[in-house]
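All remarks here apply to the structure that follows.
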Amino acid sequence: MRPIKHGLVALNKINTGTSMHVHQFGFRQLKAATLGILLLSLLCWVPSAFAETNVRASVDRQQISSEETFTLSLVADSILFSGEPDVSALEKDFHIINRQQSSRTNIINGKVNSSRQWDYTLAPKREGTLTIPAIPMGKFQTRALTISVDKANRQTPGANGDSVYLESDVTPRSAYVQAELQYTVKIFTSINFLDASLEAPEVENAVVEATGEQRYQTLVDGRYYQVIERRYSIYPQTSGELSIPALTLQARVEGYRPSMLDPGRLVVKRSQEHHLNIKPPPAEFKGAVWLPAKKLVLAESWSKDPNSIQIGDSITRTVNIQAKGLLGSQLPALPTYTLNKAKLYPDQAKIEQGDEQSEWSGVRSESVAIIPTEAGELVLPEVRIPWWNTTTNKPEVAVLPERRITVAPGMMDNVNSTPLSTSNSASNQTLSTSPAENTLATTSSSEQATSNALLWMVIAALSLSNIGFALAWLRNRNGTPSAKNNVRVKPENESETAAFSKLKKCVQGNADASSLRGALVNWGQCYYQQALSLSQLGTRAKELEHYCQALDAQLFAGRDAEIDAKALLDAVKKLRATKPHKNAASAPLAPLYPST
């Protein structure tokens, strides 16, 4: 019995171990089978997801007012969709105020559903039936939708309790082409803005210029409003109907229950549209350039008194065309002219736009430097500019009268002409003189002799100093080799750099014309490495010719010339950017005074 019992126990142990082994093997097999099924399902689902992907568009409302917003939703029924919607076509008729994107995935009874969604908050730009076009989404495309936009109630904007509203106006209601239209838009608000933006007007076939902004308070039906007023000038470029579209205000205002987490509620308001009649230029206008303005005048100014100029003086005349109701870019160039007894150096015209403090909306300034070359009378011709007065609706002509200027001889001419006429009359006439007159003549002769003696002494002293300078220079040149070896040779451009630095200091220090002349000549000699006069420097450097002539005129006339020193320094800087052109036949000379 004992052996049988032992055998049963052994059998039970064997059976138990076999059962545990079978159980472990079944669990592993089941886990592997489950993973295989999931992987197989995924492999089967991926191509079906691509095959069944579709896109669609929908709106939350199809009928709104011009001051309301709605939501456009674009959906792709696949989370694997990698494209992005192209919504640029929406900007033709709608403002895109906000954008959001989301994705979701659901697994129900082993079936996977996923999608990506884009939500756009839109505000209409105009009234009527608007079309949301088909939106491209990758290689797919949504269907087109339509929205009906009604006119907002504007009979009493402040009386019906509106916290925010817009008003706009344009004057005049009818105008000529290129004439100024004054457009104003006002924002009325009785609550605080957390964030707000108002687009600038965009008008087809017209130029729009912002002219200012003003803020103030006003009382409307017993309620105070903060007013933000913006003004624009519109210049239509073609005749016919001109449409000024409504402007859209997008604002976030304080919520009904303000809190730190409250982003505020969205408010969208729109202004009125305006349609105007733009007329072509009238047939009775005979001018070459059409200039419709409220006011247009010609004015001139001079750098100094034109009635006290002499030969060689430099004087600048500036003529301004000033217009009210036109931009500076619309004003024409002045007619050109020449003068037989003077050289003219016109400057580039300056275009200016007026501000709120200026009477003029546009100014064109033209300046010309005049340097008389002969004594006598200079005649500056009359300037006439026809224009159309939009206030009186009649043609007018702006006139700058003819100006005559008398140029006096220079001081050098007076000094040279007087002694010649006196000596000629003395040699050609025989006069009887009294003893007193003989005494005076003898005294004058002795003074003349003394003056001549002094002149010869000065000439002799100058000659001796020049000889001494030449001997010293030769001695220095023929010095001992050891002395030469101890002299440090400076780079070729060191003296030119020092000369330019001195010239720059003269300009920055507002030095007089004489100092400026000396600094310019010194720099020119260092730059070209040879002795040059001011006129030779002007001949060689065309960039400096005008300034050299003006400085020469100052020296010739014995008075200060008006030189644009900053422009002169700019011309020198441009010239320094290029290397000087030297003649191969001429060897450079060392400067007379070494730079320190």
Side-chain angles (χ1 to χ4, degrees), residues 298-320 333-350 364-383 400-417 503 506-507 510-524 532-572 574-575:
L298 286 171
E300 69 172 5
S301 60
W302 297 83
S303 59
K304 56 179 148 183
D305 186 5
N307 297 318
S308 61
I309 62 172
Q310 300 176 352
I311 295 177
D313 279 355
S314 176
I315 185 171
T316 301
R317 181 200 194 198
T318 302
V319 178
N320 294 330
L334 294 171
T336 58
Y337 60 92
T338 58
L339 299 176
N340 295 330
K341 298 180 181 180
K343 292 182 178 180
L344 304 180
Y345 299 94
D347 199 358
Q348 186 175 2
K350 296 180 181 179
R364 180 185 177 94
S365 301
E366 295 190 15
S367 300
V368 58
I370 303 174
I371 301 179
T373 57
E374 297 181 24
E377 188 178 55
L378 298 179
V379 180
L380 280 65
E382 177 187 68
V383 180
L400 187 64
E402 174 186 272
R403 177 176 285 274
R404 295 178 179 270
I405 301 175
T406 301
V407 179
M411 292 183 180
M412 299 289 292
D413 289 348
N414 293 331
V415 172
N416 292 334
S417 60
L503 175 61
C506 284
V507 173
N510 296 322
D512 55 17
S514 178
S515 301
L516 185 62
R517 172 190 173 89
L520 180 60
V521 171
N522 183 38
W523 172 82
L532 292 172
S533 66
L534 189 62
S535 59
Q536 290 173 336
L537 176 61
T539 302
R540 186 154 189 176
K542 295 299 182 182
E543 299 89 339
L544 307 177
E545 184 177 9
H546 166 63
Y547 306 101
C548 293
Q549 288 179 350
L551 288 172
D552 264 342
Q554 173 268 337
L555 180 65
F556 183 74
R559 53 170 53 186
D560 287 342
E562 294 194 3
I563 305 297
D564 189 347
K566 186 177 181 301
L568 168 61
L569 186 63
D570 292 339
V572 171
K574 292 180 181 179
L575 186 60

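In what follows, every heavy atom counts, from backbone to side chain, and hydrogens, waters and symmetry copies are set aside.
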On a heavy-atom basis, which atom in [X] and which in [Y] lie closest, and how many Å separate them?
X	Y	value
His546	Ala369	CE1-CB, 4.1 Å
Glu366	Ala333	OE2-CA, 3.3 Å
Pro372	Asp313	CD-O, 3.0 Å
Ala375	Ala408	CB-C, 4.3 Å
Gly538	Glu545	O-CB, 3.6 Å
Val407	Glu374	CG1-O, 3.7 Å

- Asn320 and its side-chain hydrogen bond (donor to acceptor under 3.5 Å, both in side chains) partner, picked from Ser367, Ser301, Ser365: Ser365

- Message: Just checking Gln348: does its CD atom have more than 12 heavy atoms from other residues, nucleotides or ligands closer to it than 6.0 angstrom?
- Response: no

- Give a yes or no on whether Asn340 atom CG has more than 12 heavy-atom contacts from other residues, nucleotides or ligands under 6.0 Å away. no

- Query: Just by modelled atom types, is the Lys341 backbone N or O under 3.5 Å from a matching donor or acceptor in the Thr373 side chain?
  - Reply: yes

At what distance, to the nearest 0.5 angstrom, does [atom1] of [X] lie from [atom2] of [Y]?
X	Y	atom1	atom2	value
Leu551	Leu568	CG	CG	7.0 Å
Ser303	Arg317	OG	CZ	12.0 Å
Leu520	Cys506	CG	SG	10.0 Å
Cys548	Arg517	SG	CZ	9.0 Å
Leu503	Ser515	CG	OG	11.5 Å
Ile405	Asn307	CD1	CG	7.0 Å

- Task: For side chain to side chain contact (heavy atoms under 4.5 Å, CB included), just list the numbers for Ile371 and Ile315, CA-CA rounded to whole Å, side-chain angles, deciding distance to a tenth of an Å, and then say yes or no.
- Result: CA-CA 7 Å; Ile371 301 179; Ile315 185 171; over 6 Å; no

- Message: Does Leu575 form a side chain to side chain contact (heavy atoms under 4.5 Å, CB included) with Leu544? I'd like the steps, not just the answer.
- Response: CA-CA 9 Å; Leu575 186 60; Leu544 307 177; 4.0 Å; yes

Is any side-chain heavy atom of [X] closer than 4.5 Å to a side-chain heavy atom of [Y]?
X	Y	answer
Leu344	Ile370	yes
Thr406	Ile309	no
Leu339	Leu380	yes
Asp347	Thr316	no

- Are Val368 and Tyr337 close enough, and set up right, to give a side chain to side chain contact (heavy atoms under 4.5 Å, CB included), and what steps lead you there? CA-CA 11 Å; Val368 58; Tyr337 60 92; 3.7 Å; yes

- Message: With a 4.0 Å cut-off on N to O distance, would you call Lys574 and Asp570 a salt bridge?
- Response: no

- Message: side chain to side chain contact (heavy atoms under 4.5 Å, CB included), that's the test. Do Glu402 and Val379 meet it? Break it down for me.
- Response: CA-CA 7 Å; Glu402 174 186 272; Val379 180; 3.7 Å; yes

